[in-house]
Amino acid sequence: TRHLRDALVDVGMTGDKHGTSVARPWVLWSVIAYLVALGLTLFVVVPAMRSAASALGDDGRPAGYAKVAAPSGVAALLLLAFVVLMVWKP
């Protein structure tokens, strides 16, 4: 919890330590990108992987590859955008 509190202070949620606020567009878009990526992973990719694992046949062919690959790629791009925004701080 100490690390979470420190992170919140750093982005200005609980104090104005560095002159940065959540209302700044790059911080807001970073948080939104992270939450969307997390939601895609937890609510789309994980269930698709579970169903693909249960549908895996004896021949070893991947079932439902597109259902896993597409949201995983989008989540990866969103996380990349998150990292770029947090490092670059436009």
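Quick note: numbers below take in every heavy atom, side chains included, and nothing from hydrogens, waters or symmetry partners. One-based numbering along the sequence shown.
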Q) Given the rule that I, L, V, M, F, W and Y join up when any side-chain heavy atoms are under 4.5 Å apart, are Met86 and Leu28 in one cluster? A) yes
Q) Do Val83 and Leu35 share a hydrophobic cluster, counting only Ile, Leu, Val, Met, Phe, Trp and Tyr and linking them when any side-chain heavy atoms are less than 4.5 Å apart? A) yes
Q | With Val45 via side-chain contact (heavy atoms from CB on, under 4.5 Å) - residues at least two apart | A | Met49, Val68, Pro71, Ser72
**Q.** Transitive ILVMFWY side-chain link Leu79 to Val87, under 4.5 Å
**A.** yes
Q) Does one hydrophobic cluster hold both Ile32 and Val27, with members joined at side-chain heavy-atom distances below 4.5 Å? A) yes
Q: Compare every heavy atom of Leu85 with every heavy atom of Trp26, then report the nearest pair and how far apart it is.
A: CE3-O, 3.3 Å
Q) Quick one: which of Val31, Thr41, Val74, Leu78 gives a side-chain contact (heavy atoms from CB on, under 4.5 Å) with Val36? A) Leu78
(Q) Test of understanding: with side-chain contact (heavy atoms from CB on, under 4.5 Å), list the residues that count as partners of Leu42, not counting sequence neighbours. (A) Leu38
Q. Would Trp29 and Leu40 show up in the same hydrophobic cluster when neighbours are defined by side-chain heavy atoms closer than 4.5 Å?
A. yes
